[in-house]
Amino acid sequence: ISVQRGLSQPTPSAAAVSQAEVAAGTRVLALVEESALGRPSFVTFAGLDEIDQIVVAGDPAPATVQEFTERDVACADRRTMVGTGRGRRS
């Protein structure tokens with residue numbers, strides 16, 4: 001995912017599946033590995049204007065997160081996520 005190109009996938013077939021998922025959803029959460037934040041892939045399937053929130057696995061650089069929030073895309077990582085208690089094992 002990048003601020004310039006939005007969400008992307010490495011292959012056209014993966015991008016087609018992801019594009020269909022975005023089109024079918026009422027809310028779009030982009031689940032992104034820290035290493036992919038700010039790095040576009042080969043085929044773009046959605047723009048930043050189609051994303052409701054980015055959730056990053058890991059500890060992204062604050063400057064990279066700020067690039068997205070400056071474009072009105074909420075970006076959360078493990079430090080900023082608020083748990084709902086759902087899905088937790090006892």
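Source: prediction; values computed, not measured.
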- Output for pair (Ile51 CD1, Arg27 CZ), nearest 0.5 Å, gives 12.5 Å
- Task: With side chain to side chain contact (heavy atoms under 4.5 Å, CB included) as the test, would you mind laying out the steps for Val56 and Cys75 before giving the verdict?
- Result: CA-CA 7 Å; Val56 184; Cys75 191; 3.9 Å; yes
- Message: For the residue pair Ser41 / Gln9, report whether a side-chain donor-acceptor contact shorter than 3.5 Å exists.
- Response: no
- Message: Are Val32 and Val55 packed together at the side-chain level, in the sense that at least one heavy-atom pair is separated by less than 4.5 angstrom?
- Response: no
- Message: Please evaluate residues Phe68 and Leu48 with respect to the criterion side chain to side chain contact (heavy atoms under 4.5 Å, CB included), reporting the C-alpha separation (whole Å), side-chain torsions for both, the decisive distance (0.1 Å), and the verdict.
- Response: CA-CA 9 Å; Phe68 290 95; Leu48 288 183; 4.0 Å; yes
- Message: Would you say that more than 12 heavy atoms from the other residues, nucleotides or ligands in this model lie under 6.0 Å from the CZ of Arg71, or not?
- Response: yes
- Test item: Asp77 and Pro60 side chains (from C-beta on) under 4.5 Å apart, heavy atoms: yes
- Answer with yes or no whether the hydrophobic clustering places Val43 together with Leu37; edges join I, L, V, M, F, W, Y residues whose side-chain heavy atoms lie under 4.5 Å apart. no
- Task: Measure the shortest side-chain to side-chain distance between Val28 and Glu50 over non-hydrogen atoms and say whether it is less than 4.5 angstrom.
- Result: no
- Task: Determine yes or no for a side-chain-to-main-chain donor-acceptor pair under 3.5 angstrom, with Glu70 supplying the side chain and Glu67 the backbone.
- Result: no
- Could you please spell out the steps behind the side chain to side chain contact (heavy atoms under 4.5 Å, CB included) verdict for Ile1 and Ile54? CA-CA 9 Å; Ile1 184 170; Ile54 300 168; 3.5 Å; yes
- Task: Look only at the side chain of Arg5 and the backbone of Phe42, and say whether a donor-acceptor pair between them is shorter than 3.5 Å.
- Result: yes
- Ignoring hydrogens and geometry, is there a side-chain-to-backbone donor-acceptor pair from Ser18 to Ala15 under 3.5 Å? no
- Task: Carefully, step by step, assess Gln53 and Leu29 under the rule side chain to side chain contact (heavy atoms under 4.5 Å, CB included).
- Result: CA-CA 5 Å; Gln53 183 175 11; Leu29 298 177; 3.5 Å; yes
- Distance, nearest 0.5 Å, that separates CD of Gln19 from OG1 of Thr44: 10.0 Å
